[in-house]
Amino acid sequence: MRALICNEFAPLDALHVGELPEPRPAAGEVTIRVLAAGINFYDTLIVQGKYQVKPAFPFSPGGEVAGEVVAVGEGVRHVAPGERVCAFSSYGGYAEVCKAKASQTWPLPAAVSFDAAAAGLVTYGTAWFGLHDRARMRAGETVLVLGAAGGVGLAAVQIAKAAGAHVIAAAGSAERLALCREHGADELIDYATTDLKDAVKAATGGKGADIVVDVVGGHYTEAALRATAWRGRILIIGFAAGEIPRIPANLLLLKGCDMAGVFWDELMRREPAEAARQVAAVLACFADGSLKPPITEACGLDAAVAALRALAARKVAGKLIVLPHS
Ligand SMILES: NC(=O)c1ccc[n+]([C@@H]2O[C@H](COP(=O)([O-])OP(=O)(O)OC[C@H]3O[C@@H](n4cnc5c(N)ncnc54)[C@H](OP(=O)(O)O)[C@@H]3O)[C@@H](O)[C@H]2O)c1
């Protein structure tokens, strides 16, 4: 089968399209004819050996897929060959067929397109887990989203807005912020040109944000913490800026606020039933149109490296998807 292949941990340009043997499902696994696969920040990391998961070579990146079940391994009963599904495959998705754990494969409602599922499963799954579960978001709260024009960021903007929150989007350019506005952000902060803490304080009448969605890390985390309200919650989701922040713990004490880790992979591994419940809730919102994954561009396998490069270079607003059979 055709696949984007990684033969060694190396920069993105070392990836190439070639042939890999089609995977077969072991017990507890499913193989999926991939009709769409999402491009996420971690796909750019896994091929460079910079992610927690380090697959054996050769492998194909691509952790988020939607398609039709080809075959199921022993013990798999909740999906069957031919059925529409979406899955967190971890890797292997930029290929005509990929393998996923059955516990991370879910039936896809007829009303949700393969493209939408591939563009939204991971980002909305993560943002949903953070906002509804870890932060217990309530209507009327103010939610500050850092990296708001990216995949998880735009998902958080939409989910918070749909739940009745007041949403402040922070991103690195006017163009990226305009996209956040289109997706429901109430207030916009260009953190490339404005002091983040001062801008959040000004936007909240000095009170600060109730919830911070942090996918960026670096120096932004402390600035956001300093602009957090009493009893606020800071969701630590990712470090797209490349630097893991160190936080003065006295700020947590002074603000009576919580920092909560949000690791969606671990939710699936440790609490599969709860993860399935949250995924079903997200897919139901895709089906009724209350959440709409923002697909910026779809490309074939041959253009996948360029798409990964664009994401790593901070040039993508919204979400890119790969269509391996196009
Ligand atoms: N914990 C979990 O379960 C989980 C799940 C999914 C993703 N993540 C992590 O969350 C982070 C965001 O993922 P994503 O898919 O939303 O990525 P993305 O679409 O690339 O968005 C990341 C955003 O971060 C901002 N950013 C600031 N400094 C950056 C830099 N030096 N390089 C790249 N981006 C930078 C960019 O916006 P501006 O240019 O506007 O600043 C960009 O839009 C990643 O670290 C990812 O690994 C974690």
- Flag side-chain contact, heavy atom, 4.5 Å: Thr221 against Met259: yes

- Task: Look only at the side chain of Lys255 and the backbone of Leu252, and say whether a donor-acceptor pair between them is shorter than 3.5 Å.
- Result: no

- Look only at the side chain of Arg134 and the backbone of Ile234, and say whether a donor-acceptor pair between them is shorter than 3.5 Å. no

- Could you tell me which non-hydrogen atom of Ala95 sits nearest to which non-hydrogen atom of Ala3, and how far apart they are? CB-CB, 3.6 Å

- Message: Same cluster or not: Ile211 versus Leu154, using hydrophobic residues (I, L, V, M, F, W, Y) connected whenever any side-chain heavy atoms lie under 4.5 Å apart?
- Response: no

- Drop me the distance from Leu267's CG to Arg277's CZ, to the nearest 0.5 angstrom. 9.5 Å

- Item | His325 side chain vs Ala36 backbone, donor-acceptor pair below 3.5 Å | no

- Note on the structure: Heavy-atom nearest pair, Leu188 first then Cys180, reads CD2-CB, 4.3 Å

- Short side-chain donor-acceptor distance under 3.5 Å, His166 and Glu187: yes

- Between Tyr91 and Asp43, does any side-chain donor sit less than 3.5 Å from a side-chain acceptor? no

- Decide, yes or no, whether a salt bridge links Glu64 with Lys319 under the criterion of side-chain N to carboxylate O below 4.0 Å. yes

- Separation between CD1 of Ile32 and CZ of Phe114, rounded to the nearest 0.5 Å: 10.5 Å

- Does the distance from a Lys or Arg side-chain N to an Asp or Glu carboxylate O, for Glu96 and Arg2, drop under 4.0 Å? no

- Quickly, which of Arg136, Lys161, Arg233, Arg231 forms a salt bridge (Lys or Arg N to Asp or Glu O under 4.0 Å) with Glu141? Name it, please. Arg233

- Query: Would you call Arg309 and Asp13 a salt bridge, using N to O less than 4.0 angstrom?
  - Reply: yes

- Task: Might you work through the side-chain contact (heavy atoms from CB on, under 4.5 Å) test for Asp133 and Trp128, ending with a clear yes or no?
- Result: CA-CA 7 Å; Asp133 183 337; Trp128 187 283; over 6 Å; no

- Donor-acceptor pair, side chain of Ser89 and main chain of Gly62, under 3.5 angstrom: yes

- Task: Could you tell me whether the side chain of Ser60 and the main chain of Ile5 form a donor-acceptor pair under 3.5 Å?
- Result: no

- Task: Flag yes if Ile321 and Val316 sit in one hydrophobic cluster, no otherwise; membership is Ile, Leu, Val, Met, Phe, Trp, Tyr, and two members link when side-chain heavy atoms are under 4.5 Å apart.
- Result: no

- Query: Given the rule in the side-chain contact (heavy atoms from CB on, under 4.5 Å) test, do Trp230 and Lys207 qualify, once you have shown the distances and angles that lead to the verdict?
  - Reply: CA-CA 8 Å; Trp230 174 250; Lys207 176 177 175 257; over 6 Å; no

- Query: Is the backbone N or O of Ala80 less than 3.5 Å from a side-chain atom of Glu83, with the two atoms forming a donor-acceptor pair by type?
  - Reply: yes

- Side chain Asp190, main chain Ala192, donor-acceptor under 3.5 Å: yes

- Message: If I compare all heavy atoms of Asp210 with all of Ala229, which pair ends up nearest, and what's the gap?
- Response: OD1-CB, 3.8 Å

- Output the distance between atom CG (Leu177) and atom CD1 (Ile189), rounded to the nearest 0.5 Å. 9.0 Å

- Is there a side-chain contact between Pro25 and Val72 (heavy atoms, below 4.5 Å)? no

- Query: Are Val34 and Leu323 linked, directly or through other ILVMFWY residues, by side chains that come within less than 4.5 angstrom of each other?
  - Reply: no

- Gap separating the CG atom of Leu108 from the SG atom of Cys86, nearest 0.5 angstrom: 5.0 Å

- Spell out, as yes or no, whether a donor-acceptor pair under 3.5 Å connects the side chain of Gln48 to the backbone of Thr44. yes

- Query: CG of Asn40 to CG of Leu320: how many Å apart, nearest 0.5 Å?
  - Reply: 10.0 Å

- For a ring pair (Phe, Tyr, Trp, His ring centres under 6.0 Å) with Trp264, tell me which candidate from Phe129, Tyr124, Phe88 qualifies. Phe88

- Looking only at non-hydrogen atoms, find the nearest pair between Cys6 and Leu15 and report the distance. CB-CD2, 3.5 Å

- Mind listing the closest non-hydrogen atom pair of Ala156 and Val213 along with its distance? CB-CG1, 4.0 Å

- Does the side chain of Lys50 come within less than 4.5 Å of Val47's, by heavy atoms? no

- Could you check if a side-chain atom of Pro81 sits within less than 4.5 angstrom of a side-chain atom of Val70, using non-hydrogen atoms only? no

- For Leu235 and Leu131, run side-chain contact (heavy atoms from CB on, under 4.5 Å): C-alpha distance rounded to whole Å, both residues' side-chain angles, the deciding distance at 0.1 Å, then the answer. CA-CA 8 Å; Leu235 300 173; Leu131 288 167; 4.1 Å; yes

- Query: Can you tell me if Thr228 uses its side chain to pair, donor with acceptor, with the backbone of Ala224 under 3.5 Å?
  - Reply: yes

- Query: Roughly how far apart are Glu274 CD and Met268 CE, rounded to 0.5 Å?
  - Reply: 13.0 Å

- Task: Grab the two heavy atoms, one from Ile295 and one from Ala119, that are nearest each other, plus how far apart they are.
- Result: CG1-CB, 3.6 Å

- Donor-acceptor pair between Gln52 and Tyr42 side chains, under 3.5 angstrom: no

- Are Phe41 and Val152 connected in the hydrophobic side-chain network, where two residues link if heavy atoms are under 4.5 Å apart? yes

- Does Arg84 use its side chain to pair, donor to acceptor, with the backbone of Val112 at less than 3.5 Å? yes

- Given the rule that I, L, V, M, F, W and Y join up when any side-chain heavy atoms are under 4.5 Å apart, are Val212 and Ile244 in one cluster? yes

- Item | pair Asp214-Ile237: side-chain heavy atoms closer than 4.5 Å | no

- Query: Any side-chain heavy-atom pair from Arg24 and Thr31 closer than 4.5 angstrom?
  - Reply: no

- Query: Quick one: do the Asp115 and Ser113 side chains pair a donor with an acceptor below 3.5 Å?
  - Reply: no

- Intermediate values then yes/no, side-chain contact (heavy atoms from CB on, under 4.5 Å), Ile236 and Val262: CA-CA 6 Å; Ile236 300 297; Val262 179; over 6 Å; no

- Message: Is any side-chain heavy atom of Val216 closer than 4.5 Å to one of Tyr191?
- Response: yes

- Query: Would you say His183 and Leu179 make side-chain contact, with heavy atoms under 4.5 Å?
  - Reply: yes

